[in-house]
Amino acid sequence: MKGITDFVKAFDYRDLIKGAAVTLRHFFKRNVTLQYPKERWTPFPRFRGRLTLLLDEAGEDKCICCMACVRACPTNVISITPGKKEGRKMRFPEEYNFDMDRCIFCGMCVEACNFDAILLNDEYELAQYSRQDFKFHREKMYLPTPKVDYKK
Amino acid sequence: MDFTMINIVIPTVKILIVFTVVLLSVLVMTYAERKVIAFMQVRLGPMRVGPWGLLQPIADALKLFSKEDIIPTMADKWVYYLAPTLAIVPALLTFLVVPFGDQTTFFGLLKHPTSMAISDLNIGLLYILAISSVGIYGILLGGWSSNSKYPLLGALRSAAQIVSYEVPLTLAIIGPILMANTLSMKGIVEAQSKGMWFVIPQFFAFLIYTACAVAETNRAPYDLPEAEQELVAGFHTEYSGMKFAFFYLAEYANMIVVSAIATVVFLGGWLPVPGLAFLHIPAIIWFALKMGFFLFIFLWLRATYPRYRYDQLMAIGWKFFIPVALINIFVTALLVL
Amino acid sequence: MTEEKKPTTPDKQIDALKAEMKKDEPGKTVSAPRAEGTVSAKPKPAGPPKPIIVEQAHDPVSEDWQKKILDVLGDKAKDSYVASGEFTIILENGSDFPGIMALIHENGFDYLSDISSVDYSKYEGTPKHFGLSYHLYSVADNHRIRVKVFLEDGETILSIMDVWATADFHEREVFDLMGIVFTGREGLRRILLPEDWIGHPLRKELSKNEGNAAYTAKLVKKAREDA
Amino acid sequence: MFKSEIIELNMGPQHPSTHGVLRLKLKLDGETIVGLEPEIGYLHRGVEKLAESFTYLQALNLTDRLDYVASISNNLGYIETLEKLGGIEVPRKAKYFRTLMTELGRLSSHLLWLATHALDIGAMTVFLYAFREREFILDMFEMVTGGRLLTTAFRYGGLKDDIPKELEQKIRDFIKIFPGRLADYEALLTKNRIWMKRTKQVGVISAEDAINLGLSGPVLRGSGVRFDVRKAEPYEAYGELDWEMAVEDGCDTYARYLVRLEEMRQSLRIVEQALDGMPEGEFRTKAPKVLKLPKGEVYHCIEAPKGELGYYLISDGKGTGPYRLKVRGPSFVNLQGLKPMAVGHMVADVVAIIGTLDVVLGEVDR
């Protein structure tokens with residue numbers, strides 16, 4: 001008897017129709033995808049991108065080589081050589097090297113910095129063709145990364 | 001039967017036209033599938049190659065042509081070569097009897113009106129059923145000859161599935177055949193031109209046919225032989241390049257075939273929708289529209305439903321579809337008598 | 001099939017390999033790779049000669065359920081205390097260890113959360129080399145308990161897989177990473193690391209890269225031999 | 001005349017539905033499973049050993065990478081462990097916000113589970129719908145923490161930064177749209193005959209076995225065991241909010257599916273309440289930049305989306321980092337349930353059962 005009721009119940013196609021209605025409704029809905037290289041996504045202000053050195057109003061490095069970021073970094077990607085400059089009481093980073101290939105973008109360095117001298121900026125297209133391009137020196141770290149021109 | 005020039009030229013031209021159209025529609029079908037499913041999934045689908053990604057199927061075809069042809073070391077080489085051919089040839093052969101429209105003179109081009117089918121066999125349906133069963137050997141041999149475990153499992157599933165779904169599929173068609181009293185594809189359409197389309201009196205047969213057609217063509221939710229989440233790619237896991245493309249082509253050609261049969265048997269072939277005859281839309285357009293609708297159902301099902309399990313699939317085939325189809329035949333026979 | 005492995009052998013293997021590597025490449029050490037050619041942070045200044053160590057406060061056992069389980073265990077429980085609200089019982093390793101654990105299981109602690117192993121060799125004030133902590137939970141009464149056992153290096157302990165089936169993966173992990181051998185069970189083999197890994201990486205005598213370097217050296221050696 | 005042979009099938013580490021680098025050695029009789037052995041460790045990164053060479057704060061980054069689809073929960077568990085050992089107080093605002101974020105994390109994890117589980121069984125549209133909603137949540141994570149997947153969200157003593165102002169509107173939008181989206185998933189799956197056939201009576205495990213195997217989270221609650229760390233030992237603001245524990249008695253894959261769907265509804269409730277009741281005030285107590293913890297040990301567990309996530313932390317009182325950090329990953333333990341659940345079923349069911357266990361290999365291998 002149960003077999004027969006199951007057999008009859010199988011003709012109740014409401015469950016299948018309900019699902020089909022959902023997909024059909026979405027068929028006429030606006031899609032939500034972003035056509036990436038053509039349309040670009042703007043990160044939110046707190047986004048953790050590439051490490052950048054910041055300058056003060058006078059165009060001087062804010063960094064005074066306290067090494068807090070070096071100590072805070074879990075993957076040892078930052079290394080600083082402090083230097084002296086005339087007319088500046090504080091030390092300044094003669095070399096500020098950053099190996100982006102090992103960076104995990106955790107933001108511990110920025111958090112450790114007491115002088116607001118570094119920032120993880122909003123760049124997210126960080127791929128490079130050469131491994132050497134991931135090694136950032138002080139001069140490269142102020143500028144935005146040169147954009148690779150994607151061809152279609 | 002006189003072997004005049006025209007009797008050779010016309011079928012040859014027809015064959016060329018049909019095959020070109022079928023292969024082109026396979027291309028269109030791959031594009032349509034990706035687009036339709038993408039839209040159902042709030043995506044856009046291919047957009048890069050050509051405007052709205054229209055050239056994507058051509059890019060895919062080129063890619064498949066230029067890909068390396070890999071043969072597994074332990075494969076049974078000859079069978080491995082044979083299998084894709086066995087899959088695609090029957091799929092294309094079935095188009096021999098599909099009538100895409102009524103008899104036509106091609107706008108007065110020909111003296112005598114000729115059929116829109118390559119050949120109008122009087123056992124057209126039987127021919128299709130017979131030929132399409134051969135296609136399974138391609139899958140079976142392809143899976144077996146790869147000498148790999150996933151394809152083997154896929155092939156086993158496929159064999160079981162197609163064997164068990166051939167039966168209800170055939171049984172579902174018997175109802176309309178009884179009503180039309182003929183096996184000729186043309187005759188079935190003509191039978192529908194007098195009364196109503198067979199989809200209304202034979203509604204259950206139509207449902208069973210749809211379900212079994214999906215199963216026959218290994219499409220979701222009955223796509224067990226190539227269930228990627230379980231068997232990676234099923235029977236064609238080891239295939240690459242053109243040989244893979246043949247399987248792909250065969251699958252889509254089969255989809256078009258079963259849609260054509262559905263159109264002829266249930267949806268009135270090239271007949272216009274009742275009440276819309278005044279529009280004077282050519283018969284072939286009606287046929288294409290109906291086929292398109294049926295193919296859309298294929299895609300719609302794929303986008304909506306989960307996949308059955310192997311044993312459940314068999315259970316449904318034998319315990320549900322076959323009894324319903326038999327009851328349907330019984331009732332139809334009683335009414336026809 | 002119980003795999004009997006002597007935990008001291010792998011360490012000797014490592015020492016041998018270390019020596020061999022030093023022979024091979026005298027310039028290179030096994031220490032962590034650093035960015036070459038850059039000046040890194042100054043080494044951390046050594047702390048004051050006697051750092052003030054704050055101890056976690058140990059409270060006496062006060063609650064009824066804690067006393068009850070202690071009563072059940074009797075003198076099998078060597079020590080017990082409550083720290084940070086966590087009830088800890090210290091047991092002795094012995095042949096009746098699974099029996100005691102089964103007794104605890106019978107008294108409501110039916111859920112084994114975790115088995116952790118600790119290498120105490122650089123920790124002040126612990127009796128033995130290794131510690132094993134079994135974290136148990138009682139689903140019905142919502143109580144947690146930690147059972148601790150201390151082991152010497154090379155000492156084996158009986159498996160509790162018969163009491164909790166979940167101990168299987170945990171014991172394999174402890175064996176894999178710490179090298180503590182569980183007897184009286186089947187299929188004690190490495191779980192996370194490759195079968196032919198040398199040593200047990202969570203031991204304190206290994207720095208974080210040593211095990212890896214030894215394994216790589218082994219693979220390199222094998223590749224050279226093959227070639 | 002006939003000779004039957006057992007096939008040994010290697011599923012993974014590269015396979016479409018092993019959710020990472022899980023390798024299963026299957027023994028098949030036809031399509032029926034007669035033996036199963038999970039092989040793990042392909043993603044072993046030595047998190048526990050690495051933690052010993054890090055400071056307490058740096059080790060937070062490691063917890064992100066355990067269960068990388070719900071890193072918020074991992075962060076919370078670890079930070080709470082530190083606070084428990086150090087006796088650090090947390091302001092109420094931070095507690096509420098942590099609860100809110102963790103529940104959003106649970107939602108995103110469950111959405112990913114739903115997506116992949118449905119995809120494994122063949123319903124691929126749900127996958128993309130669920131990803132659409134998950135993206136919405138990841139946007140919120142990015143607003144708050146700057147990271148979408150690896151959030152590194154909280155700090156001992158509270159939060160890293162104050163709550164961004166635009167967040168509230170975003171959450172309100174989400175609360176508005178999500179029930180409708182959940183109804184869509186349900187329309188596609190819950191009553192669907194194929195879905196029910198594929199999940200009912202598949203992967204059955206009794207309550208007793210589940211406890212003995214140490215399963216936790218939705219897998220345990222799907223067997224009818226009323227155990228949720230959020231209820232049993234309320235942490236953060238869970239004790240103050242009104243929500244129900246999701247329990248089903250089915251013991252099968254379908255029951256676990258229902259549990260997780262119900263949990264999503266409850267999570268939404270918690271999010272809404274936490275947002276409405278968000279207290280004003282400080283978001284972080286004064287805590288030292290370099291943390292030193294007293295000598296001792298502590299085991300703290302929270303209810304991660306996958307189950308009981310425990311951290312066993314030992315401090316020697318001298319260093320600024322953990323002496324030993326053991327992670328009790330729920331996925332690692334839940335994976336033990338795979339064998340008893342799958343033996344006797346078919347290949348297709350293994351896939352469904354892996355989906356229902358919701359293992360994340362980052363947490364299994366650590």
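Here is how names work: the chains are called A, B, and so on, in the same order as the sequence lines, proteins then strands, and each is numbered from 1. What you see below is based on every heavy atom in this structure, not just the backbone, and it leaves out hydrogens, waters and symmetry mates. These numbers were taken from a predicted model, which means no experiment stands behind them.
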> For chain B, which residues of residues 128-141 of chain D have at least one non-hydrogen atom nearer than 4.5 Å to it?
Replying inline: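 From residues 128-141 of chain D, the residues near chain B are D/Leu128, D/Tyr129, D/Arg132.
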
> Nearest heavy-atom pair of B/Tyr150 and D/Asn10: which atoms, and what distance?
Replying inline: OH-O, 3.0 Å

> Of all heavy-atom pairs between B/Leu153 and D/Leu28, which one has the smallest distance, and what is that distance?
Replying inline: CD1-CD1, 3.9 Å

To the nearest 0.5 Å, what is the distance between [atom1] on [X] and [atom2] on [Y]?
| X | Y | atom1 | atom2 | value |
| --- | --- | --- | --- | --- |
| B/Arg309 | D/Asp349 | CZ | CG | 4.0 Å |
| D/Met124 | B/Gln41 | CE | CD | 5.0 Å |
| B/Tyr305 | D/Arg193 | OH | CZ | 8.5 Å |

> Looking at D/Leu188, D/Val347, D/Leu9, D/Val126, which has the largest count of heavy-atom pairs under 4.5 Å with chain B?
Replying inline: D/Leu9

>> Counting only non-hydrogen atoms closer than 4.5 Å, does D/Met346 touch chain B with its backbone (N, CA, C, O), its side chain (CB onward), both, or neither?
In response: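 Side chain of D/Met346 only, per the 4.5 Å heavy-atom cut-off to chain B.
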
> Given a strict heavy-atom distance threshold of 4.5 Å, which part of D/Ile194 is in contact with chain B: side chain, backbone, both, or neither?
Replying inline: both

Is it the case that atom [atom1] in [X] sees more than 12 heavy atoms from other parts of the structure closer than 6.0 Å?
| X | atom1 | answer |
| --- | --- | --- |
| B/Tyr137 | OH | no |
| D/Lys27 | NZ | no |
| B/Lys149 | NZ | yes |

> B/Leu156 versus chain D, heavy atoms under 4.5 Å apart: side chain, backbone, both or neither?
Replying inline: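 No part of B/Leu156 comes within 4.5 Å of chain D.
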
